Number of protein chains: 2
Amino acid sequence: MSKSLNNRVRRTESLSREQIVDTAIHLLDSGGEDGLTFRTLSERLATGPGAIYAYIANKHDLIAAACEAVISRTVEIKARDLSPEETVRTVALAMFDAMDTHPWIGPALTWSAGQLTMVRVLELIGQQIVALEVPIQARWATVSALLNYILGVGGQNAVNTKFAQKLGANREDLLASLSTAWSALPSDAYPFVRSIASEMRMHDDRADFLIGIDLILAGIKNNN
Amino acid sequence: MSKSLNNRVRRTESLSREQIVDTAIHLLDSGGEDGLTFRTLSERLATGPGAIYAYIANKHDLIAAACEAVISRTVEIKARDLSPEETVRTVALAMFDAMDTHPWIGPALTWSAGQLTMVRVLELIGQQIVALEVPIQARWATVSALLNYILGVGGQNAVNTKFAQKLGANREDLLASLSTAWSALPSDAYPFVRSIASEMRMHDDRADFLIGIDLILAGIKNNN
DNA sequence: ACCTGAACACCGTTCAAGT
DNA sequence: ACCTGAACACCGTTCAAGT
C-alpha cells in the first residue's frame, strides 16, 4: 500500500512518521482517545495541524499505526524452551499487559482487518495450536477462540478504564460500590450475583484473564 | 439515580424517553455510531436538539439506554428443559445474534459498569456454572471468562462491520482479499497463517463463536 | 518543495428567548 | 411549563497562501 512513500532520503530535521506516531502514543496514554487531537498533536510537534496529513491519511490511520508500534514491541518474544501451553500463556499475558498499559489499543485492535502485527500474533499462537496436535479442521476455530478471548478482554479493559476515569474514581472504589450494589439485589432473582459480590470485589484482572486462557487450553486438550 | 424523574403522569403527546431511545436504535442500526447525532435524532422526532436533554443526560447515556433496550429483549429466555451447557449455549447465541444485528452494542456493552441488564446475563450464566458444580472459589473467574469471551466476540464483530462498511465492501470480498494476502506471506515465517488462509475464507462467525463457548465449557468440565 | 494556519463542515451541549 | 434553535466550544480535514 505505502510503497511509494519512502521518506528516508530526506535530510531535513522536519517531521517524520515515526515521530508523529510516538507523540500520538504519548497523548493517547495520558488522555485516552479524546486526548489525541490534531491540534494538540501538531502543537507538540511545533507545526500546523495540516502538516500531519503529509505522513498519515487520517485519524483512524494514526491510531492504527500507534497500535502497530505498541504491539510489535510486545510480540518480540524470543522462543524459549517453553511448552506450547506456556508459550500461549506468555503471549497472552504480554498482550494483556500491553492493553493494560495502553487501554486505547483494546478497541482499535483487530486481527481480521489486515494489521500485519496481529497476523504475527496469529502465527505465534497458531504454531502452538499445531504443536498441541489440534486436528486440522479444528485449527481455525481454536485460534479464533483464543484471539477473540484475548482481544475481548482488552476491549472490556478499555471500557472499564474509560468509565473509571470519567467518574474520576479509582478501581477499588468502583469495585466496592459495584459489590455493594450487587449485595443489595433481591436474593430470589439474583442468588448467584449476590453470592459472588464479595469475591468480585477482590478479584485480580490479570489472574482471571489467565484462568480464562487455561480454561480454553484445557478445553482444547479435552477435545483431542 | 433517576428516582425523581417519573414522567408517567404527563398526558401530553410530547416526547418520551422510550420514543427517543427507539428512534436512536433505528439510527444506530442503519448508520452505526456515526449515524446517531442529536441533530438527525431531533429531526426525526420533530423537535429541537435541546429537547432531548430533558430526558437523557448525554450521548453516552443515550447509547447505554439503547443497549439496555436491545439486550433486555434478548435476555427474556424462558427456562426450558435444557442442561446447564445447553442453557449457556442458548444465552450466548442469543447475545451473539443481538450483537450481530446491532453491531454498535458490542463496544458499548460492559458487565462491570453496573448496567442492570448485563447483571441479569451474569446471573443467568452464573446459575449454570453453579449447576455444573464448579467449586465456589473458581466461580467468579469462570463466569468472567465466559462473559469476556462473549462480549469480546461482539466487540470484534463491531470492528469488522465498521471496517467493511467504511470500505464499502461486503463480507465475502473482505475475506477473499484477506485470504489472498495471507496466502502470499513468506512460508518460512508464516507457515501457520498460510495453512489456514483458505479455511479462514469460508469460516462461519456464528459457528466459530459456538466452538469457542464449547471449548470453555469443555475446559470447565476438565477442571472439575 | 514544504509547511502553515485560517476556513469549512461538522459535532455535543447549553440556555436565552419564545409560546 | 415546556420547547426551540441560535450560539458556543470544540472536532477532523482541506487548501490557498506563504517561505
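None of these values were measured; they are calculated from a predicted model. All chains are named by letter (A, B, ...) in the order of the sequence lines, taking the proteins before the strands, and each is independently numbered beginning at 1.
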Completion exercise
Only residue of B:V153, B:L147, B:L146 satisfying side chain to side chain contact (heavy atoms under 4.5 Å, CB included) with B:Y149 is B:V153

Problem - B:W140 and B:W111 aromatic ring geometry - parallel, tilted or perpendicular at 30°/60° bounds - result: tilted

Practice task
Using the six-membered ring wherever Trp is involved, compare the ring planes of B:F38 and B:Y53 and label them parallel, tilted or perpendicular (cut-offs 30° and 60°).
Solution key: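 Plane angle under 30°, so parallel.
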
Exercise for the section: Using the test ring pair (Phe, Tyr, Trp, His ring centres under 6.0 Å), find all partners of A:F192 that sit at least two apart in sequence or belong to another chain. Expected result: none

Exercise for the section: Return the stems involving DNA chain C, sorted by first number, where pairs are Watson-Crick (N1-N3 with N6-O4 or O6-N4) or G-U wobble (N1-O2 and O6-N3), both under 3.5 Å, and runs are 3 or more long. Expected result: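 So far as stems of 3 or more pairs are concerned, DNA chain C shows C:4-8 with D:12-16, C:12-16 with D:4-8.
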
Fill in the blank from the handout: Nucleotide by nucleotide, nucleotides 8-19 of chain D touches protein heavy atoms under 4.0 Å in the pattern (B base, S sugar-phosphate only, - none) ---BBBBB----

Problem - A:Y55 side chain near C:dC3 phosphate (N/O to OP1/OP2, under 4.0 Å) - result: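 For C:dC3, OP1 or OP2 has a side-chain N or O of A:Y55 closer than 4.0 Å.
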
Practice task
Give the C-alpha distance, both sets of side-chain angles, the deciding distance and a yes or no for side chain to side chain contact (heavy atoms under 4.5 Å, CB included) between A:R89 and A:D214.
Solution key: CA-CA 8 Å; A:R89 277 196 200 93; A:D214 285 341; 2.6 Å; yes

Exercise for the section: Applying side chain to side chain contact (heavy atoms under 4.5 Å, CB included), run through B:L109 and B:M95 and close with a yes or a no. Expected result: CA-CA 11 Å; B:L109 223 50; B:M95 292 289 292; 3.9 Å; yes

Exercise for the section: Say whether, by atom type as modelled, one donor and one acceptor occur between the side chain of B:E68 and the main chain of B:A64 under 3.5 angstrom. Expected result: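 Not a single qualifying donor-acceptor pair exists.
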
Handout entry: Side chains of A:D100 and A:D205 in contact at under 4.5 Å (non-hydrogen atoms)
Key =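 No. Closest side-chain heavy atoms not under 4.5 Å.
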
